[in-house]
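Heads up: the structure comes next, in structure tokens.
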Amino acid sequence: MKATIHSSFSTVAERRTLRAPPPIAREGDEELLRRCRASDRKAFHALVVRHRSGVFALALRMVGRREDAEDLTQETFLRAFHSIADFRGDCPLSSWMYRICRNLCRNHLEWNARRHPLAVMPDELPSRRPGVMELLVTHEQRQEVDEALSRLPEDFREVLILRHTHQMSYEEMAEVLDMPVGTIRSRLHRGRDQLRTVLRPQEGDCP
Amino acid sequence: MSGRNPMHVVDRLSPYLEGELDRAEHLQVEEHLDRCARCHRELRLLESAGRFLEAPVELSSEREFLRRLDARIDGTGAMNGFPISPSRAEVRDPDPPDERAAPTLRMKLVTPARVAGGLAAAAALTMAAILVDPSGEREAGGPSASEPAGVPERSGIASPPSAIDSRAAQLARHEGIAPVADGPGAASAIESAGAPPAFEFSGRVEAPVRWYVASPAPDAVRRRLLELARSRSGFHVTDQDEWSVTLSLPASMLPSVHEQIVAMANTRAVRGGSGSHGPGGRVLLQIRFDGDLQASPGT
């Protein structure tokens, strides 16, 4: 009976697919997207697993707190799940997800600034001890970079994160942040200058 | 710029790292870096910071992440104290914060005196819930930002039992743990508290507020809690398990502070817990008000 059904309703290729589905991890985003749109939860899981690290890294370095970043990552994928039918495919899926995440992070930071008077605001952070001259390899020194990053304006912070953490090109960043490449370049350089200034004490001018 | 070395190149280090300088400028910067120790240190600092940002982040359990996500997709999961509603995505322009701001603070408490002997096992962990109800939908069973928490010392106000009970059940479903107030007689004990009024606070809170862990917590959870407490200006860590803070802020902000503490603590406890630190594997936080809160009956 089954053979009859197959021969009536399935092509050979489809039957092969039914018998031996390809390993989900090898499928491209496009194929997984197609399956997601057909309500395949496993395909969505595969997309989540594939992109979670990048989304979480963006959230974590934007908001600084692991718990908030975890929630923002959840929210990003939840929104992606509900909007996946609307994804036009005119940019990589990862860029689309980062854009969702970035918007959520900015909203969260704004919300947090308004409603959490006890939250550590950039201006309240203790000034960094002088003397970070060497390679920043220790945990403490890494924390200093983390703190310095959190003191930068969000416009600079997100560009630095996408450039360094996600290794994005200017064009890719422009896609995620929806702004011209020139603006991206300018923000990256200004962000680095500010990061350097925050990390280092004012020592006067170069001799 | 007087007194500044005209050859100083720190403002060109970023384009230098990106390879965006023309050949002449590039050489000029390199020559300067060879003989200027300070600029060279600045370059190393930037490179080191970049390496830090490139370092991979530590992820939580994949299975747990997917379980939570599925629970939310299927409508049974609540976020842990997070203010974003899980409505349909507005990808390019998510809900503006204004729409989520200014919630009504509704405080609902269960006092030890009102919880009868049926809660013997949980009597020491009497709970209170502070609900943030921006639109009414959260209380109606939607994802909520609040968590069960502690005991009022001076201003005990009993809550509608069904609300507390359903919240415990909701949290239990979400976290995959037993409700806080479960056990024989728990529900009936709460029911016996009667239907109390809900209260809304207005004005400003001028009171020392103390959070403390009411049940043994793993060291990792304690450390994280202490980090959180210490990271907030105005908090005073009094001992390993207790922090206090004197708040002076609009009353509407109290629950958001509380939510963060409770949600983080309970999330951490559940993640790292095996059921050995409190009923259902939860760290329960109690909230105490050592001052008089201006309360007025609400709806």
Side-chain angles (χ1 to χ4, degrees), chain A residues 41 45 48-49 52-53 56-57 60-61 67-68 70-71 74-75 77-83 86 96 99-100 103-104 107-108 110-111 114-120 124 132-133 135-137 142 145-146 148-149 160-161 164-165 167 178 185 188-189 192-193 195-196 199-200 203 205-207, chain B residues 3-5 8 10-11 13-15 18 20 36 38-39 41-42 44-46 48-54 56-57 59-60 62 65-66 68-70 72-73 79-80 82-84 86 88-89 91-97 100-101 231-235 245 249 253 256-257 260 263-264 267-268:
Chain A
R41 187 68 67 89
H45 284 180
V48 171
V49 169
R52 182 164 74 117
S53 172
F56 180 71
L60 179 62
R61 288 181 171 142
E67 291 73 23
D68 289 351
E70 185 83 10
D71 285 346
Q74 283 266 329
E75 189 68 22
F77 286 116
L78 183 68
R79 294 193 181 214
F81 178 85
H82 287 303
S83 301
D86 302 330
W96 182 68
R99 196 183 306 158
I100 298 174
N103 287 342
L104 289 169
N107 281 355
H108 174 76
E110 188 177 341
W111 180 90
R114 284 190 201 178
R115 296 207 42 217
H116 292 244
L118 300 178
V120 176
E124 298 170 3
V132 178
M133 306 293 182
L135 292 176
L136 301 168
V137 292
R142 287 188 175 199
V145 175
D146 207 8
L149 189 68
L160 283 167
I161 294 167
H164 286 283
T165 304
Q167 307 276 301
D178 196 21
R185 180 183 290 111
L188 179 67
H189 297 330
R192 280 204 184 112
D193 281 348
L195 184 67
R196 185 178 49 75
L199 278 169
R200 284 187 52 77
E203 293 182 356
D205 291 328
C206 191
Chain B
R4 188 183 181 91
N5 186 335
H8 191 43
V10 286
D11 54 351
L13 289 179
S14 182
E18 292 291 339
E20 293 173 358
C36 176
R38 182 172 293 178
C39 284
R41 285 197 298 269
E42 300 279 357
R44 291 178 66 190
L45 194 65
L46 273 184
S48 299
R51 274 197 293 276
F52 162 74
L53 292 174
E54 288 163 15
V57 295
L59 293 172
S60 60
E62 180 180 304
F65 185 89
L66 291 174
R68 281 184 64 204
L69 185 59
D70 277 345
R72 297 194 67 212
I73 289 172
M79 293 298 281
N80 288 312
F82 202 67
I84 298 172
R88 189 173 174 81
V91 173
R92 289 182 182 274
D93 183 22
D95 302 339
R100 299 190 303 270
S231 71
R232 290 170 181 274
S233 56
F235 274 68
V245 61
L249 73 171
M253 291 183 176
S256 65
V257 174
Q260 275 204 339
M264 187 277 301
T267 302
R268 298 291 294 186

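Please read all numbers here as calculations on a predicted model, not as lab measurements. All chains are named by letter (A, B, ...) in the order of the sequence lines, taking the proteins before the strands, and each is independently numbered beginning at 1.
Residues A/H164 and B/E54 come closest through the heavy atom pair O-CG, 3.0 Å. The shortest heavy-atom contact between A/R52 and B/E62 is NH2-CA, 3.4 Å.
Annotation: side chain of B/V57 is not in contact with side chain of A/T165 (no heavy-atom distance under 4.5 Å). The closest side-chain heavy-atom distance from B/I73 to A/F77 is not below 4.5 Å.
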Is there a side chain to side chain contact (heavy atoms under 4.5 Å, CB included) between B/L69 and A/H45 once you walk through the steps? CA-CA 9 Å; B/L69 185 59; A/H45 284 180; 5.7 Å; no
Applying side chain to side chain contact (heavy atoms under 4.5 Å, CB included), run through B/F65 and A/E70 and close with a yes or a no. CA-CA 9 Å; B/F65 185 89; A/E70 185 83 10; 3.3 Å; yes
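Ion pairing of A/R196 with B/D11 is absent here, as no side-chain N (NZ or NE/NH1/NH2) approaches a carboxylate O to less than 4.0 Å. Classification of A/R185 and B/E18 as a salt-bridged pair fails, no side-chain N sitting under 4.0 Å from a carboxylate O.
Contacts of A/F81 with chain B are made by side-chain atoms alone, with heavy-atom separations under 4.5 Å and no backbone atom involved.
Most heavy-atom pairs under 4.5 Å with chain B: of the set A/L160, A/I161, A/L60, A/L188, this distinction falls to A/L188. Note on B/L13, B/L53, B/L59: by heavy-atom pairs under 4.5 Å with chain A, the leading option is B/L53.
The line from CZ of B/R68 to CG of A/L78 is 11.0 Å long, rounded to the nearest 0.5 Å. Atom CG of B/L46 sits about 8.0 Å away from atom CG of A/L199, to the nearest 0.5 Å.
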